[in-house]
Number of protein chains: 2
Amino acid sequence: MKTKRIFNFNPGPAALPISVLEEIRESFLNFMGTGMSIMEISHRSKEFDDVINDAVARTKRLLNLKDNYHVLFCQGGASLQFHMIALNFLADGKSADYINTGTWSTKAIKEAQILGRSIQVAASSEDKNFSYIPKHIQFSKDAVFVHITSNNTIKGTQWAAFPATGNIPIFSDMSSDIMSRPLDIGKFGLIYAGAQKNIGPAGVCLVIIRNDMLEMIPDNLPSMLNYKTYASKNSLFNTPPCFAIYTVQLVLKWLEETIGGLEKMEALNQKKAHHLYNFIDASNFYRGTAEPASRSLMNITFRLPNEELEKKIVQEALENGLGGLKGHRSVGGCRASIYNATSIEAVESLVDFMANFEKKNG
Amino acid sequence: MKTKRIFNFNPGPAALPISVLEEIRESFLNFMGTGMSIMEISHRSKEFDDVINDAVARTKRLLNLKDNYHVLFCQGGASLQFHMIALNFLADGKSADYINTGTWSTKAIKEAQILGRSIQVAASSEDKNFSYIPKHIQFSKDAVFVHITSNNTIKGTQWAAFPATGNIPIFSDMSSDIMSRPLDIGKFGLIYAGAQKNIGPAGVCLVIIRNDMLEMIPDNLPSMLNYKTYASKNSLFNTPPCFAIYTVQLVLKWLEETIGGLEKMEALNQKKAHHLYNFIDASNFYRGTAEPASRSLMNITFRLPNEELEKKIVQEALENGLGGLKGHRSVGGCRASIYNATSIEAVESLVDFMANFEKKNG
């Protein structure tokens, strides 16, 4: 039973800025002088309108979105987006290219296939256990979009630069690196991100969609699975996940006002990741699993000499106030997820602990 | 700007028990000694397993569910359920009966029609502006299910007793009266309820489904739209809305341990509603809009002599610490939503205020 907070390296749900948690707690029984909790106010109230509109405006400012992009709040996580993308954009024999870089790309492909839609896997890194990001990809000329997973939470890889797709818009699952760096937004037709890694709690999925994509959507789709429903109603067709959106709003405020925007966030994220990767690379005890050029700045995956030591370090780390270091159950090993809200202090503590552990067990 | 809490008559999101809000606030920065917020812990952790399993167990106890029922937590609200029901149960020419008792029933019917599935509207109260619950309904012999909306939030009506459908299972949207009274569960094949009225915050939808219904679902549906995905994974196929589920767990605990179960909850709800209806019926100034035999115990809809007075009472009530009394924008008038968490004290204060308002304006 811990009486104080730990350094949290969970892969998602993940660490949130402490100032955000404190602000929520302070107003939890009386939000903005309404005499009600944020969870008890109407989604049609002036107060909630201010919340959702501010979250949209901050997203637009942080990512430099022009007026031809809509910011939407959906539910069902990235997993429902896998279906919605195929349903909205791959009717009538239209086809898309998917790049397979790991577990989540594979799931996106599977959901398009369940729907019986036409897709090509234009490239895959499955041949080397998804330890790298493919290069020199040939895209189909008639692809409606190219789908990528910008950061692979489980395999610890990330697209450092996005592929040159010509006029074909990129659709990207950015669940694990949204808002971690500036984007050249013009390449993207659609971006989606489950909030629970970089921008909030589980239960809301941020979607950014370009106007010309909305115009491609056929009529008569199920209302809750049609991006036009969300775009035309400011995500208020039905009751949205108000509390989750409110938390996202506060995280975006923290990104803008405390961190100072995405360029500064990226510099901090690079500093954190380099500190940890440099330590791992200098060690003969720890070994990174992703190819260096494809490494993620968000999820640092590594192995120890054997599984017994991996189990031991995860347990001892937790006892020392460093949580969430177990690798995904599908791959084993260790993983330090160092999203936006993970501080440099947390990463420095982790490196110190790992050095110490190596001394005692190496 | 209010410095203290108000009496909250919002239709949803709605009032939550103050003890639940206080418990969340107390542990908000350090949940169960993890050193993390409930929003920061893994959905695969022992701590979250305890949360979701306790929420399921309490739902089963409160509603007397046998082992042939599954308790699921979905996203997308009742509006996504409208689609999922048709998608899961009306393939291959199967047909269902829908009873139309208002705005939400109409939406459920519309989503089945968008999907091109076969449904019959077996009864409707549209002829009298949805002010009553239909009786003496003839159901189709080959209906796979009969769909009803157990409580009509906007029109202020409620099924006091459920229709006799013989062997045909009832599917019910119970968003606005779930857990407000005991149920004869055997009649029901599927129940769904957006949490944000009686059992929690917006962002999670409780689904109760009978085993034989699960067996009817075809293979190869989109994973996130297939009830079998949720039933086979204890709602943990992907990251669920953890914080919303946690809040539901605490509300269910309050229902069991503070209120003492659904029979006691029903008695309290009847006492609250009767106090308000009796006052309205005795007045020549206020007028209830629903037929007395069809009145809702949850949403008390009423009119004043004119719209100007309706606007005035909503405003003056709020100034006196009584919030959320405006009728739905589609029907106008006034509405007091008195869900489980609304106290007798709140209803008594409302009646006192209404009596006073009548004296000054009648």
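Here is the naming used below: chain letters follow the sequence lines, and residue numbers restart at 1 for every chain.
From A:Arg5, atom CZ reaches atom CG of B:Asn30 across 7.5 Å, with rounding to the nearest 0.5 Å. Distance CD1/A:Ile41 to CG/B:Asn10: 8.5 Å, rounded to 0.5 Å. Rounding to the nearest 0.5 Å gives a distance of 7.5 Å between NE2 of A:His43 and CD of B:Gln196. To the nearest 0.5 Å, atoms CE (A:Met84) and CE (B:Met224) are separated by 11.5 Å.
At a 4.5 Å heavy-atom cutoff, the contact between A:Leu225 and chain B is made by side-chain atoms alone. For A:His83, the part lying under 4.5 angstrom from a heavy atom of chain B is the side chain only.
Side chain of B:Asn8 to backbone of A:Glu40: a donor-acceptor contact under 3.5 angstrom is found. For the pair A:Glu111 (side chain) and B:Ser223 (backbone), a donor-acceptor distance under 3.5 Å is present.
Scanning residues 227-237 of chain B against chain A with a 4.5 Å heavy-atom cutoff picks out B:Phe237, ordered by number. Of residues 11-27 of chain B, those residues with a non-hydrogen atom less than 4.5 Å from any non-hydrogen atom of chain A are, in numerical order, B:Gly12, B:Pro13, B:Ala14, B:Ala15, B:Leu16, B:Ile18, B:Leu21, B:Glu22, B:Ile24, B:Arg25. By a heavy-atom distance cut of under 4.5 Å, A:Thr239, A:Pro240, A:Pro241, A:Cys242, A:Phe243, A:Thr247 are the residues of residues 239-253 of chain A near chain B, going up by number. The contact list for residues 197-206 of chain A toward chain B, using heavy atoms and a distance under 4.5 Å, reads A:Pro201, A:Ala202, A:Gly203 by residue number.
Nearest heavy-atom pair, A:Gly76 versus B:Asn238, reported as atom, atom and distance to 0.1 Å: O-ND2, 3.2 Å.
With chain B as partner, the option from A:Lys110, A:Lys107, A:Arg329 having the largest number of non-hydrogen pairs under 4.5 angstrom is A:Arg329. When the candidates A:Asn220, A:Asp219, A:Leu115 are compared by the number of heavy-atom contacts under 4.5 Å with chain B, A:Asn220 comes out ahead. Looking only at heavy-atom pairs under 4.5 Å with chain B, the residue among A:Leu87, A:Leu80, A:Ile6 that has the most is A:Ile6. Among A:Gly324, A:Ser45, A:Ser79, the residue with the largest count of heavy-atom pairs under 4.5 Å with chain B is A:Ser79. Between chain B and the residues A:Phe48, A:Phe7, A:Phe28, the largest count of heavy-atom pairs under 4.5 Å involves A:Phe28.
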